[in-house]
Amino acid sequence: MTLREDSAFTSASAVRVGVLALQGDFREHARVLASLGAGVALVRRPEDLERIDGLVIPGGESSVMDKLAREFGLFEPLRQGIAEGMPVFGTCAGLIMLADRILDGIVGQQTLGGLDITVRRNAFGSQNQSFETDLQIPALGNEPVHAAFIRGPVVESVCERVTPLATLEDGRVVAVEQGALIATSFHPELTGEHRFHEYFLAKVRAGMSRTVRTGVAGTLERAAQDPPV
Amino acid sequence: MYVRVVSPLLMSAGSTSRSTIALMTNASVSGEFGSTRVKRGLAEMLKGGVIMDVVTPEQARIAEDAGAVAVMALERVPADIRAQGGVARMSNPDLIEAIIAEVSIPVMAKARIGHFVEAQVLQALDVDYIDESEVLSPADYVNHIDKWGFTVPFVCGATNLGEALRRINEGAAMIRSKGEAGTGDVSEATKHIRKITGEINALKSMTKDELYVAAKELQAPYDLVAEIAETGKLPVVLFTAGGVATPADAAMMMQLGADGVFVGSGIFKSGDPAKRAAAIVKATTFYDDPSIIADASRGLGEAMVGINVGDLPAPHRLAERGW
């Protein structure tokens, strides 16, 4: 509790971001976030969520992350955090985890949701169809984004509350934003592309200043409601 | 005027121009296919996970449901290859295709060491990773496959850092320590992962003049040796394999520095494969939490019986294949 109170007084740059560390390339995300000056906490258990200002869901196997998140009591606290406006950035498997609807999931696969989109898992086919390409993403500036698609998903449909950030040349949507959530089909954490993480950290800082305005008590109450391990 | 559409599958191995336009369902995308980054990148996505040997589509389904990050499609698990003897080769394409059709997680398959045509066939079958594996009988006792020419990535076994670097120099996009497959005895896996991480640690403290000698002694390219001395890790993902049979085995490999584990015979040669598979997945994620490993280890039924590596006569030690 003391630590949470402290965070309300720290400078806006001293954000603390969790990286979901059940499986996948979470260390690559942690490295990028740390290089941008953020505090980083690996998240494997519900109590790891208590002191974070935002969350990254990395690339990996979405069906495995889903299974472990449910089994180890992370699923509901994560859903709750997303519903309450916690900023989350998901890449590849993270995009799938954040989608309200999923196509081609494994039997019984669930998602945390939050993005009002339908996503198709493994939309390009086998590894032979994995590729790198340059994308124009106006939200991140004129310099194109070099993107690596690795057995990646694609956003098949979006509702009007969702802003598509990037499309392939054939028009398929591969990056989206909705409120405090952003997600990509590709892996900025693997290509030395830091602008998505910077964009996300700006959201996290904006969320922190809101927390300060509305008082820390609400945040403390929410943390206390997280089910025990 | 339409651009000619070429599937990367149709590109010949060794093609210098990898930039192409691929045939996609309903759409097409231009980009660079089969790049080093996407090959190594798939292994990055498998980290913290368990890759399971399966010999039927039914086993592949059990593995996917239990939380495998990928499956290795085989005709026989290493324990049976060992028991039945004879020449072990690439699996029947029908079996590999049936397993690919059954699951949505990545499917790997094994080619014999040096058998570049088996590798071409596996790429044409659209497997997601090729394991150039000592578990099969080598096809070439001098050369490994030139792996740079393929779109599909390769994982190769290694018993020490020099061997790992020679495979990376040939184009391997992922390394697994070899262990001794089909034994259920984790001691060789321990030996090999300790050897590789120990040799990496030794490089980190060396001066530049010492690195030249280290490269000579490791029989590995100087540039790779210097890179590892600088970064303190392999440029590709390092899994461990060969003898992992319990959740505690998997967690030990992770604590010793592996990025993930392959489990071969250990799952489907045990009493309750589905339960053991799920338990090994949990222990791999929570490798540093003994209470979760303890819970995962309860009620799993019989582990595979196994063979002590010390009882294996030298010609039957698979880890000695490859160099």
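Letters go in sequence order (proteins before strands), and every chain restarts at 1. We use all heavy atoms of the structure for the numbers below, so side chains are in, but hydrogens, waters and symmetry mates are not.
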Q: Of the backbone (N, CA, C, O) and the side chain (C-beta and beyond), which part of B:Ile292 lies under 4.5 Å from a heavy atom of chain A, both, or neither?
A: side chain

Q: Quick check: under 4.5 Å, non-hydrogen atoms only, which of residues 142-157 of chain A neighbour chain B?
A: A:His146, A:Ala148, A:Phe149, A:Ile150, A:Arg151

Q: Do you know the tightest heavy-atom contact between B:Glu44 and A:Glu28?
A: OE1-OE2, 3.4 Å

Q: At a heavy-atom separation under 4.5 Å, does B:Asp288 approach chain A through its side chain, its backbone, both, or neither?
A: side chain

Q: For the residue pair A:Leu190 and B:Arg37, what are the closest heavy atoms and their distance?
A: O-NE, 3.4 Å

Q: Are A:Arg45 and B:Asp289 ion-paired here, with the side-chain N under 4.0 Å from a carboxylate O?
A: yes

Q: So which part of B:Ala278 gets closer than 4.5 Å to some heavy atom of chain A, the side chain, the backbone, both or neither?
A: neither

Q: Look at B:Gly41, B:Gly49, B:Gly260, B:Pro106 and state which one has the largest set of heavy-atom pairs under 4.5 Å with chain A.
A: B:Pro106

Q: I'd like to know if the side chain of A:Asn128 reaches the main chain of B:Gln123, judged simply by a donor and an acceptor atom lying under 3.5 Å from each other, with no hydrogens or angles considered.
A: yes

Q: How long is the straight-line distance from CD of A:Gln127 back to CG of B:Asp126, given to the nearest 0.5 Å?
A: 10.0 Å

Q: Where is the tightest heavy-atom contact between A:Asn122 and B:Ser104, given as atom of each residue plus distance?
A: ND2-O, 3.9 Å

Q: Nearest 0.5 Å, please: how far is CD in A:Glu71 from OG1 in B:Thr285?
A: 10.5 Å

Q: Tell me, do A:Leu68 and B:Val281 make a side-chain contact under 4.5 Å, heavy atoms counted?
A: yes

Q: Is it the case that more than 12 heavy atoms not belonging to A:Glu198 sit under 6.0 Å from its CD atom?
A: yes

Q: Check whether B:Ala70 gets within reach of chain A through its side chain, its backbone, both or neither, counting any heavy atom under 4.5 Å.
A: neither

Q: Considering only heavy atoms, give the residues of residues 55-63 of chain A separated from chain B by less than 4.5 Å, sorted numerically, with 'none' for an empty result.
A: A:Gly59, A:Gly60, A:Glu61, A:Ser63

Q: For chain B, which residues of residues 101-121 of chain A have at least one non-hydrogen atom nearer than 4.5 Å to it?
A: A:Ile106, A:Arg121

Q: Rounded to the nearest 0.5 Å, what's the gap from NZ on A:Lys67 to NZ on B:Lys282? Could you check?
A: 11.0 Å

Q: Could you tell me which residues satisfy salt bridge (charged side-chain N to carboxylate O under 4.0 Å, His left out) with B:Asp131, sequence neighbours excluded, listed by chain and number?
A: B:Lys110, B:Arg176

Q: Search all heavy atoms of A:Leu22 against all heavy atoms of B:Phe286 and return the closest pair with its distance.
A: CD2-CZ, 4.2 Å

Q: Which bit of A:Asp25 comes within less than 4.5 Å of chain B, counting heavy atoms only: side chain, backbone, both or neither?
A: both

Q: Could you check if a side-chain atom of A:His187 sits within less than 4.5 angstrom of a side-chain atom of B:Met45, using non-hydrogen atoms only?
A: yes

Q: Ignoring hydrogens and angles, tell me if any N or O in the side chain of A:Thr133 forms a donor-acceptor pair with the backbone of B:Ser30 under 3.5 Å.
A: yes

